[in-house]
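Quick note: numbers below take in every heavy atom, side chains included, and nothing from hydrogens, waters or symmetry partners.
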Amino acid sequence: MKPALREQILTILAAIPEGRVTTYGRIAAMTDGATPRLVARALRELPEGHALPWFRVITASRRLAEHPGAPEQRQRLLAEGVPFDTRGRVTAEALWP
DNA sequence: TACGTGACCATCG
DNA sequence: ACGATGGCCACGT
């Protein structure tokens, strides 16, 4: 049984603390069978006005995925104190859990 | 049913 | 350490 993987994904998303980030793959692994691509897809389809921290999700290589909102994502992470190294990678300490 | 797609990932050179 | 490569797999059409 895999009731609304999407719901599990969003629940986990909502639990990521401010100032921390996690990856598509890690979120997927916490659910009952979602894949990283499904996580990405769930984020892409989020409605406009939602309050979920979509910007706290990055790739396994600790970079921002390529998508239209990437510039805003970078800005929002910086704004809440997530440190980036010189080459645009989020520092390992910012990873959640 | 079949096929293309993608906000990915692990592996390898 | 970093880019290229191939795999994976749920979804929509």
Please list each protein N or O that sits under 3.5 Å from an N or O in nucleotides 9-12 of chain B, with the distance.
residue, atom, partner, partner atom, Å
dC9(B), OP1, G25(A), N, 2.6
dC9(B), OP2, A60(A), N, 2.8

In whole angstrom, what separates I27(A)'s CD1 from dA10(C)'s C1'? 17 Å

N/O contacts under 3.5 Å, protein versus nucleotides 11-13 of chain C?
residue, atom, partner, partner atom, Å
dC11(C), O3', R41(A), NH2, 2.8
dG12(C), OP1, R41(A), NH2, 3.3

E66(A) CD - dA4(C) P separation (whole Å): 12 Å

Just wondering, do T22(A) and I12(A) contact through their side chains at under 4.5 Å, heavy atoms? no

Testing I16(A), I9(A), T11(A), L10(A) one by one against L52(A) for a side chain to side chain contact (heavy atoms under 4.5 Å, CB included), which residue passes? L10(A)

Atom CZ of R44(A) and atom P of dC8(B) are separated, to the nearest Å, by 10 Å

Whole-Å distance, R37(A) CZ to dG6(B) P, equals 9 Å

Nearest-Å distance for atom pair NE2/C1', residues H50(A) and dA7(B): 12 Å

Atom-to-atom span, CG of L43(A) to P of dA10(C) - whole angstrom: 18 Å

Other residues, nucleotides and ligands only: do more than 12 of their heavy atoms fall within 6.0 Å of CD on E45(A)? yes

Pairwise 5' ranking along DNA chain C for T35(A) and R89(A), keeping only the more 5' one: R89(A)

Hey, what do you get for OG1 (T59(A)) to CD (E66(A)), rounding to the nearest 0.5 Å? 10.5 Å

Under 4.0 Å between a Lys/Arg side-chain N and an Asp/Glu carboxylate O for E80(A) and R76(A)? no

To the nearest 0.5 Å, how far apart are NE2 in H67(A) and CH2 in W54(A)? 5.5 Å

For R62(A) and dC2(C), give me the distance from atom CZ to atom P, rounded to whole Å. 9 Å

Could you walk me through whether L38(A) and T31(A) pass the side chain to side chain contact (heavy atoms under 4.5 Å, CB included) test, one step at a time? CA-CA 11 Å; L38(A) 186 60; T31(A) 68; over 6 Å; no

Is the positively charged end of R89(A) above the ring of F84(A), judged by distance under 6.0 angstrom from the centroid and angle within 45° of the axis? no

Would you sort out whether I58(A) and Q73(A) count as a side chain to side chain contact (heavy atoms under 4.5 Å, CB included), showing the intermediate values? CA-CA 10 Å; I58(A) 63 177; Q73(A) 178 175 18; 4.2 Å; yes

